[in-house]
Amino acid sequence: MSSRRSSRSRNSSGAQISDDQISDLVSKLQRLIPEIRNTRSHKVSASKVLQETCNYIRNLHREVDDLSERLSQLLAATENDSAEAAIIRSLFM
C-alpha cells in the first residue's frame with residue numbers, strides 16, 4: 001500500500017483499511033449495482049465500480065424526488081379526510 005493511500009485509509013477511529021478489505025468492499029458494490037452486475041466481464045476497475053455506484057445513487061435520489069412529487073400531486077388532488085389521502089400521507093413517513 002502506498003504511503004499516500006495508507007494515510008487516507010484511516011477511518012475516524014484511526015484504524016487502517018487493508019487492500020483486501022477495499023477489494024472486498026468494491027466486489028460487494030459490484031454485485032449490488034445493476035449496471036455493473038449485468039456486464040459480461042467480471043473484471044471491472046475499482047474506479048469504474050465507484051463511478052457507477054455514484055451514478056446509481058444519484059439516479060435513486062432522482063427517482064425518490066420524482067415519486068415524492070407525484071405523491072404530493074396525488075395528495076393535493078384528493079380530499080384531506082379521505083382514506084386515499086391517509087394512505088398517501090402514510091407513504092411520506
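Rounded to the nearest 0.5 angstrom, R58 CZ and T53 OG1 are separated by 10.5 Å. A distance of 11.0 Å separates CG in L50 from CG in N55, rounded to the nearest 0.5 Å. How far CG of L67 is from CZ of R70: 6.0 Å, rounded to the nearest 0.5 Å. Separation of atoms CG (L25) and CG (D20) is listed at 11.0 Å; rounding is to 0.5 Å.
The number of heavy atoms from other shown groups lying within 6.0 Å of CZ (R37) is above 12.
Scanning for side chain to side chain contact (heavy atoms under 4.5 Å, CB included) contacts around Q51 gives K48, with sequence neighbours left out.
Listed here is the closest heavy atom pair of E35 and E52: CB-OE1, 3.7 Å.
I36 and L60 fall within a single hydrophobic cluster, where Ile, Leu, Val, Met, Phe, Trp and Tyr side chains are chained together by heavy-atom contacts under 4.5 Å. Both I22 and V44 are part of a single hydrophobic cluster, where members link through side-chain heavy atoms under 4.5 Å apart.
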In a table with atom names and distances, give each donor-acceptor pair under 3.5 Å that connects a side chain of residues 84-93 to protein atoms at least two apart or in another chain.
residue: E84; atom: OE1; partner: S82; partner atom: OG; Å: 3.4
residue: R89; atom: NH1; partner: N80; partner atom: O; Å: 3.3
residue: R89; atom: NH2; partner: N80; partner atom: O; Å: 3.0
residue: S90; atom: OG; partner: I87; partner atom: O; Å: 2.6

For residues 26-33, please give each side-chain donor-acceptor pair under 3.5 Å, one per line with the distance, not counting sequence neighbours.
residue: S27; atom: OG; partner: S23; partner atom: O; Å: 3.1
residue: K28; atom: NZ; partner: D24; partner atom: OD2; Å: 3.4
residue: Q30; atom: NE2; partner: H42; partner atom: O; Å: 3.2

